[in-house]
Every structure is written in C-alpha cells, then in structure tokens.
Peer 1: 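The structure that follows is given in the form of structure tokens.
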Amino acid sequence: MKYLVTGATGQLGGLVVKHLLDRVAASDIAVSVRSPEKASGLTALGVDVRHGDFDDLALTTAAFRGVETVLIISAEADNATRIRQHRTAIDAAKAAGVGHVTYTSVVDPRPDSAFTYAAIHADTEQYLAASGLKYTVLRNSFYADLLLAGVPHALETGDYAAPAGQGRITYVPRNELALAAASVLANPADHVNKTYNLTGAKAVSYDEIAAMIASITGKEIRYVDLPPAVYSDILKSFGLPEHGVTAIVGLYEAARAGDYEPVSTDLATLLGRQPQSVQDFLTGALRN
Ligand SMILES: NC(=O)c1ccc[n+]([C@@H]2O[C@H](COP(=O)([O-])OP(=O)(O)OC[C@H]3O[C@@H](n4cnc5c(N)ncnc54)[C@H](OP(=O)(O)O)[C@@H]3O)[C@@H](O)[C@H]2O)c1
C-alpha cells in the first residue's frame, strides 16, 4: 500500500482522496478513519478503509502498517488534547515504518499567536521535524468556504459581520488545498522535508468580501465590524466549546494585526496555476 489519508470522512480528507483517485490507482490508497462504516463509499471504490483514531496509538499504528506515505490531517479538539493526538499519530507512523508523513498545519504557526490553535500546529510541526521521518508540512490558510456561513444572515439583514477590522486574510477554497495535498502525496519524493505556505493569491478584507457577496447576489450588503466580545457571545450562543470561541476570536485578532496578509506562491507552484480567487469561489457557491 502506497498512500494513506487520515480524516477521510471529513471535508478536506474526503476531497484529498477524491483527487488522489484521479492520480493513482484505488488499490494503492488506504484511509484511516474513526468510523469505517461512514467510509463505505470509499470501500466501494476499491480504497482500503482502516480503523484509526489518534487517541489510540496501537490502533493507529496498525492502520498505518505497510504504507509508504501518510497524510495526517489535523484533528479537532482543545490544544492539550490535539497536541497529544498529533504526537500519537506521528509516533504511530514511526512505529508502523511509514517512510514519509505529510501534515496539514496552518499559516503562521506560532505558539504565541492570538489564534490559539496555531500553538498546536507549531508543536506538531516541531515534533514531526524531530521525528526523523521524511516530512512535508502544508501550512494551509483559511478556507474561503468558511465565508459562506455568514451569507444567509447577510441576505436577511444586509449585515455581513465579523470582528476583523480592516484585517486581510489570504482565504483559499478548501478544494484547492485538497488538490495541493493530493499532488504532494502522489509524489512525496519531490517534497521531502519541505514546508509550504498555501495561501490564496491575494489577502482580502471584509469590506471587499461583503462587496463581493453584494455584487454576486444583487443585494445591498455592508460589512459590520463587530466588537470581539459581541462576536464571542454569538459563538457561545451557537454552542461552540470555549476553546473554539477563543481560537476563532483570536483568529480575527491575528488578522487585525496583519498576521494573515502575507501571500505565498507555493500553492500556485503546487497546482501549476493560480489558485481560485475568493471572488470566483463565492460566485460559484452563491450563483446557482
Ligand atoms: N484552514 C481552515 O480554515 C480550517 C478550518 C477548520 C478546521 N481546520 C483544520 O483542518 C482540519 C481538516 O478540516 P476539515 O474541514 O476537513 O474538518 P472536518 O470536516 O471537521 O474533518 C476533521 C477530520 O478530523 C478527524 N478527526 C478528528 N479527531 C480525530 C482523531 N482523534 N483521530 C483521527 N481523526 C480525527 C475527523 O474524523 P471523523 O470524520 O471521524 O469525525 C474528521 O475526518 C480540521 O480538523 C482542523 O484541524 C482548518
């Protein structure tokens, strides 16, 4: 077995497997998922569906056995849990004799970032680099797909709200990141011990995003710069866990500080073309 993708029942992992199937034989692909029954569609395509969970070293080691290269997709939990889970996944890769691990990190992964989840990725990157395994780090920027969440409210009220100030973010469609991950995974030898900053081709402000949504939908929509405390209360009212609220409010604080403005050409290099713009992504998603 050559390639294994974790989190294949998630959104990014599902897209990576889809694009990997366009590049290599299904019989060379395995996935490691927490609920194999959710991956029956992949079994039907000839993908080897294995049971793995980053909370279980022995299970994940068994899932990774006999595989040449693994894509570890970062999990979803509080910082201490996720740091432990990602270390377990790397330990499992080592114990299973995997040759090369690719990991989905985040842009600007600093332990002291206002975006508190960045500290998880900083730890995982460091742990992976120290593991002795061949590795590739994909520092993903933020999914343009996330921008759709505020659209129904904007269409109803005319307000597109976020605590982003004039901060700009290099949003990029999740699918573009999945294409890049699939191309790295299919040719790992070309990417040994490389770290890529996978950003959109341009950083966009929320004024610009609101204007795009307005022009695509033909509705009058303006950006409302929410106070972080108000935004925090809104997220809490949706039932988000405390660590998620802190991280998302922190993401916007980091954006206001300019942390997510730097543009890299790494994604264009991996894709062999410019990544889809936020404008084109929103047009595709909202005009149907
Ligand atoms: N760049 C961004 O804008 C952005 C935004 C949100 C999140 N993220 C990060 O990127 C990752 C992928 O994004 P996504 O949109 O695909 O998220 P997603 O749809 O929530 O998928 C997350 C995947 O992680 C798996 N997972 C969670 N805990 C695990 C564990 N203990 N062991 C093994 N797998 C585990 C989940 O498994 P199940 O399918 O069994 O639930 C799921 O498949 C997220 O998990 C998060 O770390 C990035």
Side-chain angles (χ1 to χ4, degrees), residues 7 9-15 18 38 74 76-78 106-107 113-118 140-178 198-261 263 275-288:
T9 44
Q11 300 170 90
L12 181 67
L15 289 167
K18 178 177 163 233
K38 283 196 206 154
S74 59
E76 279 288 6
D78 63 84
V106 73
V107 283
S113 171
F115 176 48
T116 44
Y117 287 164
N140 289 348
S141 187
F142 297 96
Y143 304 149
D145 312 56
L146 304 174
L147 298 171
L148 298 173
V151 171
H153 180 77
L155 294 178
E156 208 176 296
T157 63
D159 292 347
Y160 189 74
Q166 295 310 306
R168 295 187 302 137
I169 299 179
T170 54
Y171 280 112
V172 62
R174 187 193 272 112
N175 188 54
E176 298 288 59
L177 297 170
L198 303 182
T199 71
K202 186 176 174 288
V204 291
S205 71
Y206 271 73
D207 275 325
E208 289 171 312
I209 294 163
M212 289 177 206
I213 297 169
S215 79
I216 294 163
T217 61
K219 300 273 162 58
E220 227 172 85
I221 289 166
R222 64 181 188 123
Y223 166 52
V224 177
D225 184 15
L226 282 183
V230 173
Y231 190 69
S232 171
D233 287 343
I234 293 171
L235 294 179
K236 281 181 197 154
S237 77
F238 291 157
L240 234 73
E242 188 72 38
H243 63 85
V245 174
T246 306
I248 296 172
V249 171
L251 187 168
Y252 287 110
E253 184 185 334
R256 290 196 303 274
D259 292 357
Y260 299 130
E261 280 182 23
V263 167
Q276 187 186 38
S277 68
V278 171
Q279 169 84 50
D280 288 350
F281 169 79
L282 291 174
T283 302
L286 297 176
R287 258 195 206 148
N288 49 38

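No experiment lies behind these values; they were computed from the predicted model shown. The figures here come from the full heavy-atom set of this structure, side chains too, leaving out hydrogens, waters and symmetry mates.
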Peer 1: When you compare the side chain of Arg256 with that of Pro163, does any pair of heavy atoms fall below 4.5 Å?
Peer 2: yes
Peer 1: I need the minimum non-hydrogen distance between Pro173 and Ala144, along with the two atoms involved.
Peer 2: N-CB, 3.8 Å
Peer 1: Please tabulate, one pair per line, all N/O donor-acceptor pairs under 3.5 Å involving side-chain atoms of residues 229-246, not counting sequence neighbours.
Peer 2:
from	atom 1	to	atom 2	distance (Å)
Ser237	OG	Ile234	O	2.6
His243	ND1	Tyr117	OH	2.7
Thr246	OG1	Glu242	O	3.0

Peer 1: Do any N or O atoms from the side chain of Arg168 and from the backbone of Ala203 form a donor-acceptor pair under 3.5 angstrom?
Peer 2: yes
Peer 1: Rounded to the nearest 0.5 Å, how far apart are CD of Glu261 and OG1 of Thr199?
Peer 2: 12.0 Å
Peer 1: Looking at every non-hydrogen atom in both residues, tell me the closest pair between Tyr260 and Ala254 and how far apart they are.
Peer 2: CE1-CB, 3.5 Å
Peer 1: For Val151 versus Tyr160, what's the shortest heavy-atom pair and its separation?
Peer 2: N-CE1, 4.1 Å
Peer 1: Anything under 3.5 Å between a donor and an acceptor, one on a side chain of residues 206-220, the other on a protein residue two or more places apart or in another chain? List them.
Peer 2:
from	atom 1	to	atom 2	distance (Å)
Tyr206	OH	Tyr171	OH	2.5
Tyr206	OH	Tyr252	OH	3.2
Glu208	OE1	Ser205	N	2.8
Glu208	OE1	Ser205	OG	3.3
Glu208	OE2	Lys202	NZ	3.3
Ser215	OG	Met212	O	3.2
Thr217	OG1	Ile213	O	2.7
Thr217	OG1	Lys219	N	3.3

Peer 1: Rounded to the nearest 0.5 Å, what separation is found between the CG atom of Asp145 and the CD atom of Glu176?
Peer 2: 10.0 Å
Peer 1: Can you confirm whether Leu286 sits close enough to Leu148 that some side-chain heavy atom of one is under 4.5 Å from a side-chain heavy atom of the other?
Peer 2: yes
Peer 1: Looking only at heavy atoms, which two atoms of Ser141 and Leu177 are closest? And how far apart?
Peer 2: O-CD1, 3.9 Å
Peer 1: Under 3.5 Å, is there a donor-acceptor pair between the side chain of Asp159 and the main chain of Val224?
Peer 2: no
Peer 1: Under the side-chain hydrogen bond (donor to acceptor under 3.5 Å, both in side chains) rule, collect the residues that match up with Asp225, sequence neighbours excluded.
Peer 2: Tyr223
Peer 1: May I have the step-by-step check of side chain to side chain contact (heavy atoms under 4.5 Å, CB included) for Leu251 and Phe142, ending in yes or no?
Peer 2: CA-CA 10 Å; Leu251 187 168; Phe142 297 96; 3.4 Å; yes
Peer 1: Which atom names give the shortest non-hydrogen contact between Leu147 and Leu282, and what distance separates them?
Peer 2: CB-CD2, 4.4 Å
